[in-house]
Undergrad: 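Here you go, one structure.
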Number of protein chains: 2
Amino acid sequence: MQGQHLRNAGLKVTSPRLKILEVMESSDERHLSAEGIYRALLERGHEFGLATVYRVLAQFEGAGLVDRHNFEGGMSVFELADRSHHDHMVCLETGKVIEFVNDRIEQLQEEIADRHGYTIEDHSLVLYVRPKSS
Amino acid sequence: MQGQHLRNAGLKVTSPRLKILEVMESSDERHLSAEGIYRALLERGHEFGLATVYRVLAQFEGAGLVDRHNFEGGMSVFELADRSHHDHMVCLETGKVIEFVNDRIEQLQEEIADRHGYTIEDHSLVLYVRPKSS
DNA sequence: ATGTATGCAAAACATTTGCACCTGG
DNA sequence: CCAGGTGCAAATGTTTTGCATACAT
């Protein structure tokens, strides 16, 4: 049961939190907007306020349970932080999100920050792409 | 005169447009928010509506005169598109923005997109950093 | 003259917050 | 019981838009 995840994060086990976790775990889309989660909850018969969804997601983010991404288009998308680090490729035609990792890029980023006297706290790499026409 | 830039972009040469270009060219900060530009204009005695600033920036973006970036923090920053491509490092302590280029990273990105059957239309790489404490 | 630009106020949008009420442990 | 969570509505902050007026060419 994911109730444990919540307890481990120091969060009370409540219905909104459990259901939101459930939606994020079982959704086809790994990357969901707050609104998307809100609608998915409705479809499953759970009517929580949108404000609650936002609050829960913010707490989850703070607890390291989810990552928030700010892709273009003005709204945040959230994904379960159940995998190791990766970056994103967003298809501009279909909206599809592809994940990828490249250790060499990660390493180069570290080197660049280091060279300037900084350490990386966080980073965001997003490729906006289109299917090859060929 | 930068009036030519505007004409080349197919835009009428108007006072707001000229002054906004001027501010962006002469500001200490290369990366400005719409509000920041609005305030800089006021300081120079030009009172245009904030809506105009946004509209002009949107047109400039469309014309390729400026780039818009969506760093964390909810608001866009704009910079003159007068340099070749580069990525950004944002200091979380000071808000300072450092630009950098790394051809190897650029190349790796191309390879990754290509490997997945896509071509890159645009990309965003931002490192959120802190000064090395050492 | 005439198609665009602008100004202002109002709308839109995603997100956050205040506060009274509920609930998990 | 009581700290903390939730619902709702209202506030927020950024950006966009509608419409009447002003301007560049």
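Note that the coordinates shown come from a computational prediction; the quantities given were computed from them, not determined experimentally. Each chain gets a letter, A, B and so on, in the order its sequence line appears, and its residues count up from 1.
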Undergrad: I98(B) versus Y118(A): any side-chain heavy-atom pair under 4.5 Å?
TA: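 Yes, at least one pair of side-chain atoms sits under 4.5 Å.
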Undergrad: Please report the distance, rounded to the nearest Å, between CZ in F48(A) and P in dA9(D).
TA: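 My rounded result for the distance is 18 Å.
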Undergrad: Do I20(B) and F78(B) come close enough that some side-chain heavy atom pair is under 4.5 Å?
TA: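 A side-chain contact under 4.5 Å is absent here.
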Undergrad: Shorter than 3.5 Å, N or O on both sides, protein versus nucleotides 1-4 of chain C: list them out with atom names.
TA:
| residue | atom | partner | partner atom | Å |
| --- | --- | --- | --- | --- |
| dG3(C) | N2 | K12(B) | NZ | 2.8 |
| dT4(C) | O4' | K12(B) | NZ | 3.0 |

Undergrad: Please state whether the phosphate of dA24(D), meaning OP1 or OP2, lies under 4.0 angstrom from any side-chain nitrogen or oxygen of R7(B).
TA: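 No, outside the criterion.
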Undergrad: Please confirm whether the backbone N or O of K12(B) pairs with a side-chain atom of R17(B), one donor and one acceptor, at under 3.5 Å?
TA: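 At least one qualifying donor-acceptor pair exists.
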Undergrad: Listing request: all salt bridge (Lys or Arg N to Asp or Glu O under 4.0 Å) pairs with a residue in residues 44-55 of chain B, at least two apart in sequence or in separate chains.
TA: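 Matches after skipping sequence neighbours: none remain.
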Undergrad: Rounded to whole Å, how long is the line connecting atom CD of E35(A) with atom P of dA12(C)?
TA: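 So the CD-P distance, E35(A) to dA12(C), works out to 15 Å.
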Undergrad: Looking at S76(B), does any N or O in its side chain come under 4.0 Å of the phosphate oxygens OP1/OP2 on dT15(D)?
TA: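 Answer yes for this pair, as a side-chain N or O of S76(B) is under 4.0 Å from OP1 or OP2.
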Undergrad: If we ignore hydrogens and angles and just use 3.5 Å, is the side chain of Y128(A) paired with the main-chain N or O of E72(A) as donor and acceptor?
TA: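 Yes; at least one donor-acceptor contact below 3.5 Å.
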Undergrad: If each of F78(B) and L11(B) is mapped to the nucleotide of DNA chain D with the nearest heavy atom, which maps nearer the 5' terminus, i.e. the 5' end?
TA: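 Between the two, 5'-proximity favours F78(B).
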Undergrad: Can you confirm if the aromatic rings of H69(A) and F71(A) lie within a centre distance of less than 6.0 Å?
TA: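 Yes.
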Undergrad: Where the side chain of L50(B) is concerned, which of dG7(D), dG5(D), dT15(D) is the nearest nucleotide?
TA: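 Looking only at heavy atoms from C-beta outward on L50(B), the closest nucleotide is dT15(D).
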Undergrad: Taking five pairs at each end of the helix from dA1(C)-dT25(D) to dG25(C)-dC1(D), what angle separates the two helix axes (nearest 10°)?
TA: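 Answer rounded to 10°: the end axes differ by 30°.
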Undergrad: Without decimals, in angstroms, what is the distance between L6(B) CG and dC23(D) P?
TA: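 Spelled out: CG on L6(B) to P on dC23(D) is 18 Å.
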Undergrad: Applying side-chain contact (heavy atoms from CB on, under 4.5 Å), can you list everything that pairs with E99(A), at least two apart in sequence or on another chain?
TA: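 E99(A) satisfies side-chain contact (heavy atoms from CB on, under 4.5 Å) with R30(A), H31(A), E79(A), R83(A), H86(A), H88(A) once adjacent residues are dropped.
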Undergrad: Report the distance from atom NZ of K19(B) to atom P of dA24(D), rounded to the nearest whole Å.
TA: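 In whole Å, dA24(D) P and K19(B) NZ are 12 Å from each other.
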Undergrad: What is the distance, rounded to the nearest whole Å, between atom CG of L42(A) and atom P of dG7(D)?
TA: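 After rounding, the gap between these two atoms is 11 Å.
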Undergrad: Could you state the atom-to-atom distance from NE2 of H46(B) to P of dG7(C) in whole Å?
TA: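 Distance, rounded to whole Å: 12 Å.
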Undergrad: Is the shortest heavy-atom distance from the side chain of D87(B) to the side chain of H123(B) under 4.5 Å?
TA: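 Yes, at least one pair of side-chain atoms sits under 4.5 Å.
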Undergrad: Ignoring backbone atoms, test whether T52(B) places a side-chain nitrogen or oxygen under 4.0 Å from the OP1 or OP2 oxygen of dG7(C).
TA: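 For dG7(C), OP1 or OP2 has a side-chain N or O of T52(B) closer than 4.0 Å.
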Undergrad: Would you say that V90(A) contacts V126(A) through its side chain, given a criterion of any heavy-atom pair below 4.5 Å between the two side chains?
TA: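 Yes, their side chains come closer than 4.5 Å.
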Undergrad: Treating S26(B) as the side-chain partner and E22(B) as the backbone partner, does any N or O pair qualify as donor plus acceptor under 3.5 Å?
TA: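 Flag set: sc S26(B) to bb E22(B) pair under 3.5 Å.
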Undergrad: Nearest to the side chain of T14(B) - dC8(C), dT6(C), dT15(C)?
TA: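 The listed nucleotide nearest to T14(B)'s side chain is dT6(C).
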Undergrad: Expressed as a whole number of angstroms, how long is the span from Y38(B):OH to dT16(D):P?
TA: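 Rounded to whole Å, this separation is 17 Å.
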Undergrad: Please report, rounded to the nearest Å, how far the C1' atom of dA24(D) is from the CG atom of L18(B).
TA: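 In whole Å, dA24(D) C1' and L18(B) CG are 12 Å from each other.
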Undergrad: dT16(D), OP1 or OP2 - any side-chain N/O from Y54(B) closer than 4.0 Å?
TA: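 No, because none of the side-chain N or O atoms of Y54(B) sits under 4.0 Å from OP1 or OP2 of dT16(D).
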Undergrad: With the threshold set at under 4.0 Å for non-hydrogen atoms, list the residues of residues 55-73 of chain A touching DNA chain D in residue-number order.
TA: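 The stretch gives R55(A), V56(A) as the residues lying under 4.0 Å from the strand, ordered by number.
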Undergrad: Please examine the side chains of L32(B) and E29(B), heavy atoms only from C-beta on, and report whether any two atoms are closer than 4.5 Å.
TA: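 Yes, at least one pair of side-chain atoms sits under 4.5 Å.
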Undergrad: Not counting sequence neighbours, which residues clear salt bridge (Lys or Arg N to Asp or Glu O under 4.0 Å) with E61(A)? List them please.
TA: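 Counting only residues at least two positions away or on another chain, E61(A) forms a salt bridge (Lys or Arg N to Asp or Glu O under 4.0 Å) with R68(A).
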Undergrad: With nearest nucleotide decided by heavy atoms, which residue, S15(B) or A51(A), maps closer to the 5′ end of DNA chain D?
TA: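 Upstream on the strand: A51(A).
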